[in-house]
S.K.: 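Provided herewith is a single structure, encoded as structure tokens, for subsequent inquiry.
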Amino acid sequence: MKFGLNSTSTYYGDFLMPELYFQVRGERGVPLEIVVRKTGKNLTATCSCSAGVDDICQHRITLLSGSSKDVISNNPEDVKKVVAWIAGTDVGRALQDMVDAIKHLENAREDFADARKRLIKALKD
């Protein structure tokens, strides 16, 4: 396994693609593998969890957001490299869109809770 290496590079055809490998804590303490690759403005991140195959998983979101809290390999400092790689990529834009959408959702939940309280109060008047 390549976990704990600061970085490696792999050839894909004629392209040299830098890679970072992480081992992260999964559910019930089961270690999971995340591999982040960058070529030009393209970034990919894969996770060995079941959601990481065809969907987005919290493990990747946490890592891509710059948190090393779940990294159990000996390279948590490499999360900073991942964050630097994200800048200017489609992943960076999509991640920011998701963060913005989460903020809107949280605000909508607060607005809903407030409106619900007002309705309950109005129904008691």
Side-chain angles (χ1 to χ4, degrees):
M1 293 196 134
K2 298 180 182 181
F3 298 112
L5 297 177
N6 288 337
S7 64
T8 62
S9 295
T10 303
Y11 278 97
Y12 290 92
D14 292 332
F15 298 99
L16 184 63
M17 182 180 280
E19 300 177 328
L20 290 171
Y21 295 82
F22 298 91
Q23 194 170 40
V24 298
R25 184 178 14 265
E27 289 185 32
R28 296 180 217 80
V30 176
L32 299 168
E33 303 169 5
I34 295 179
V35 180
V36 183
R37 294 181 180 100
K38 178 147 183 355
T39 302
K41 292 190 181 243
N42 186 34
L43 184 123
T44 60
T46 59
C47 182
S48 63
C49 75
S50 58
V53 175
D54 293 322
D55 201 352
I56 186 67
C57 63
Q58 190 60 44
H59 313 109
R60 285 186 288 178
I61 292 171
T62 299
L63 192 79
L64 295 171
S65 297
S67 174
S68 60
K69 71 179 181 84
D70 293 328
V71 175
I72 56 176
S73 50
N74 64 358
N75 61 333
E77 69 283 350
D78 283 345
V79 173
K80 292 176 186 173
K81 291 180 185 176
V82 171
V83 172
W85 285 359
I86 290 172
T89 67
D90 57 343
V91 171
R93 288 185 297 278
L95 185 61
Q96 187 58 55
D97 288 347
M98 195 174 83
V99 167
D100 293 345
I102 289 169
K103 287 178 186 174
H104 290 301
L105 180 60
E106 290 169 354
N107 290 338
R109 284 183 177 146
E110 290 175 12
D111 291 347
F112 173 77
D114 290 344
R116 184 175 184 272
K117 288 177 188 174
R118 288 193 306 274
L119 178 59
I120 290 169
K121 184 179 180 207
L123 290 171
K124 290 182 181 180
D125 288 346

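Atom set for the values below is all heavy atoms of this structure, side chains included, hydrogens, waters and symmetry mates excluded. All of these numbers come straight from a predicted model, not from anything done at the bench.
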S.K.: Between atom CZ of Arg37 and atom OH of Tyr21, what is the distance when rounded to the nearest 0.5 Å?
M.R.: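 Separation between the atoms: 5.5 Å.
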
S.K.: Tell me the closest heavy-atom pair linking Leu32 and Cys49, and the distance in Å.
M.R.: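 In terms of heavy atoms, the two residues are closest at CD1-CB, 3.8 Å.
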
S.K.: Do Val99 and Val83 share a hydrophobic cluster (ILVMFWY, side-chain heavy atoms under 4.5 Å, transitive)?
M.R.: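 Different clusters.
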
S.K.: For the residue pair Trp85 and Val36, what are the closest heavy atoms and their distance?
M.R.: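 Answer, listing the atom of Trp85 first, then Val36: CZ3-O, 3.7 Å.
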
S.K.: Report the residues that fulfil side chain to side chain contact (heavy atoms under 4.5 Å, CB included) with Lys69, sequence neighbours left out, ordered by chain and then residue number.
M.R.: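 Partners of Lys69 by the side chain to side chain contact (heavy atoms under 4.5 Å, CB included) criterion, ordered by chain and then number, come out as Thr62, Ser67.
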
S.K.: Rounded to the nearest 0.5 Å, how far apart are CG of Asp55 and CZ of Arg60?
M.R.: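 CZ of Arg60 is found 8.0 Å from CG of Asp55.
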
S.K.: Once side chain to side chain contact (heavy atoms under 4.5 Å, CB included) is applied, do any residues pair with Arg109, and if so which ones, sequence neighbours excluded?
M.R.: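 Only Leu105 meet the side chain to side chain contact (heavy atoms under 4.5 Å, CB included) criterion with Arg109.
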
S.K.: When rounded to the nearest 0.5 angstrom, what is the spacing between CG in Asp111 and CZ in Arg116?
M.R.: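 Reported to 0.5 Å precision, the distance equals 15.0 Å.
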
S.K.: Could you measure the distance from the CD1 atom of Ile86 to the CG atom of Leu64? Nearest 0.5 Å is fine.
M.R.: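 If I round to the nearest 0.5 Å, the distance is 4.5 Å.
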
S.K.: List, one per line, each side-chain donor-acceptor pair under 3.5 Å for residues 90-97, sequence neighbours excluded.
M.R.:
residue	atom	partner	partner atom	Å
Arg93	NH1	Gly88	O	3.4
Arg93	NH1	Thr89	O	3.4
Gln96	NE2	Asp100	OD1	2.8

S.K.: Heavy atoms only: give me the nearest Ser73-Pro76 pair and the separation to one decimal.
M.R.: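 The pair with the smallest heavy-atom distance is O-CD, 3.6 Å.
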
S.K.: Nearest 0.5 Å, what's the SG-CD1 distance between Cys57 and Ile34?
M.R.: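 Going from the SG atom of Cys57 to the CD1 atom of Ile34 covers 6.0 Å.
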
S.K.: Starting at CD1 of Ile61, measure out to CE of Met98 and round the result to the nearest 0.5 Å.
M.R.: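 Reported value, rounded in 0.5 Å steps: 3.5 Å.
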
